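Everything numeric here is computed off the predicted structure, so don't read it as measured data. These values consider heavy atoms only, across backbone and side chains, with no hydrogens, waters or symmetry-generated copies. Below, read A as the first sequence line, B as the second, and so on, with proteins coming before strands; counting in each chain starts at 1.
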Amino acid sequence: MKRYPVAPTTESELLERSHALAGLTLGEIAESVGICVPHESVRAKGFAGILLEQVLGATATSKPEPDFQLIGVELKSLPINALGKPRESTYVCTVPLINNHDIRWETSTVKRKLTRVLWVPIVVETDAPIADRRIAMPLLWSASVDEEAALRHDWEELMDMVVMGELNRVSAHHGTWLQIRPKAADSRARGRSTNTDGTPGVALPRGFYLRTSFTSKILRQHYALP
DNA sequence: CATTGATCATGT
DNA sequence: ACATGATCAATG
């Protein structure tokens with residue numbers, strides 16, 4: 001294992017680097033770059049994703065842009081069970097709660113992030129040490145025409161409600177593939193929002209998430225899983 | 001047991 | 001406060 005401090009300049013370079021990780025455990029990868037793996041899983045949320053960013057040379061850390069800015073590719077780690085089924089939904093980006101009247105799907109952060117994604121599946125066994133989680137075969141992916149249309153439909157439906165100031169009526173039940181859920185330190189967190197009458201207000205920050213049914217479909221299509 | 005709502009860590 | 005990286009844990 002080698003660390004790549006330099007951002008990949010082509011997709012194939014990124015794919016090559018990611019393929020070199022397949023079969024390795026998080027412990028092995030972390031050791032190769034001199035990082036300690038957390039022992040408590042509750043304290044390890046996000047650990048795998050950040051480790052992969054480091055090792056693969058991502059540059060857009062903590063920015064509302066694809067991780068690999070140079071080539072427009074978003075990196076997503078994807079926890080799966082032994083059968084290849086995703087265990088969790090996938091966070092995409094924050095939901096804009098203010099100045100959102102003019103936004104369109106074409107220029108949305110959701111679309112920019114999901115245009116090109118490097119999925120890195122990680123086999124997560126319950127009650128096994130985090131260091132033992134093993135990288136499966138990464139997949140460089142784009143939404144098909146149908147998939148993008150479906151995502152766009154969800155996004156427009158959800159954002160229509162948000163723009164109308166009906167955020168309080170939006171729950172994780174809405175959306176076929178894309179959903180809106182809380183994205184905050186805790187349920188008391190508040191950020192700026194816009195009320196129904198257009199006046200400034202505050203609300204619990206939200207994020208867009210991809211349902212496991214969507215990511216599961218991706219893996220089934222590309223890897224011929226049950 | 002799948003899903004929703006809550007939560008943890010870190011950088012700007 | 002807001003953005004990133006996500007997973008936990010209560011609930012139906």
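- Going from atom CG of A:Leu51 over to atom CD1 of A:Ile35 covers 5.5 Å, rounded to the nearest 0.5 Å.
- Rounded to whole Å, atom C1' of B:dT7 lies 14 Å from atom OH of A:Tyr91.
- In this structure, A:Trp155 and A:Ser108 approach most closely via the heavy-atom pair CZ2-CB, 3.5 Å.
- Residue-level contact check: A:Ala48 touches neither bases nor backbone, having no heavy atom under 4.0 Å from any strand.
- Heavy-atom nearest nucleotides on DNA chain B were determined for A:Ser89 and for A:Asp186, and the one closer to the 5' end corresponds to A:Ser89.
- At whole-Å resolution of the value, NE2 in A:His39 and P in B:dA9 are 16 Å apart.
- Counting to the nearest Å, the P atom of B:dA2 and the CZ atom of A:Arg181 are 15 Å from each other.
- The residue among A:Pro205 and A:Ala44 whose nearest nucleotide of DNA chain C lies closer to the 5′ end is A:Pro205.
- Distance A:Arg188 CZ to B:dG5 P: 18 Å, rounded to the nearest Å.
- Listed in residue order, the members of residues 154-176 of chain A having a heavy atom less than 4.0 Å from DNA chain B are A:Ser171, A:Ala172, A:His173.
- Between the side chain of A:Lys63 and the base of B:dT12 there is no donor-acceptor pair of N/O atoms closer than 3.5 Å.
- At a threshold of 4.0 angstrom between heavy atoms, the contacts of A:Arg192 are confined to the sugar-phosphate backbone, with no base atom among them.
- Across all strands shown, A:Gly46 has heavy atoms under 4.0 Å from base atoms, whether or not it also approaches the sugar-phosphate.
- Within the 4.5 Å cutoff, the side chain of A:Arg181 has heavy atoms near those of the A:Ser89 side chain.
- Judged by distance alone, with hydrogens and angles left aside, the side-chain atoms of A:Asn81 form a donor-acceptor pair with the main-chain N or O of A:Leu83 at under 3.5 Å.
- Using a 4.5 Å cut-off between side-chain heavy atoms of Ile, Leu, Val, Met, Phe, Trp and Tyr, with links allowed through other members, A:Leu24 and A:Leu75 fall into the same hydrophobic cluster.
- DNA chain B is contacted by no residue of residues 99-123 of chain A, taking any non-hydrogen atom closer than 4.0 Å.
- Judged by distance alone, with hydrogens and angles left aside, the side-chain atoms of A:Tyr209 form no donor-acceptor pair with the main-chain N or O of A:Trp177 at under 3.5 Å.
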query: Taking it one step at a time, do A:Glu125 and A:Arg133 satisfy salt bridge (charged side-chain N to carboxylate O under 4.0 Å, His left out)?
result: CA-CA 7 Å; A:Glu125 312 269 21; A:Arg133 296 179 182 181; over 6 Å; no
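- At a threshold of 4.5 Å between side-chain heavy atoms, the hydrophobic network of Ile, Leu, Val, Met, Phe, Trp and Tyr places A:Ile50 and A:Phe68 in two separate groups.
- Two residues are said to be in side-chain contact when any heavy atoms from C-beta on lie closer than 4.5 Å; A:Val162 and A:Ile180 meet this criterion.
- Between the side chain of A:Glu74 and the main chain of A:Lys113, no donor-acceptor pair closer than 3.5 Å is present.
- The footprint of chain A on DNA chain C, defined by a heavy-atom cutoff below 4.0 Å, extends from C:dA1 to C:dC8.
- Side chain of A:Thr199 to backbone of A:Asn195: no donor-acceptor contact under 3.5 angstrom is found.
- In this structure, A:Tyr209 places its OH atom 11 Å from C1' of B:dT4, rounding to the nearest Å.
- B:dC1 atom P lies 10 Å from atom NZ of A:Lys85, rounded to whole Å.
- Between A:Glu88 atom CD and B:dT3 atom C1' the separation is 10 Å, expressed in whole Å.
- Checked by atom type, the side-chain pair A:Thr9/A:Glu13 shows a donor-acceptor distance below 3.5 Å.
- Here A:Glu40 lies out of heavy-atom contact (under 4.0 Å) with every strand.
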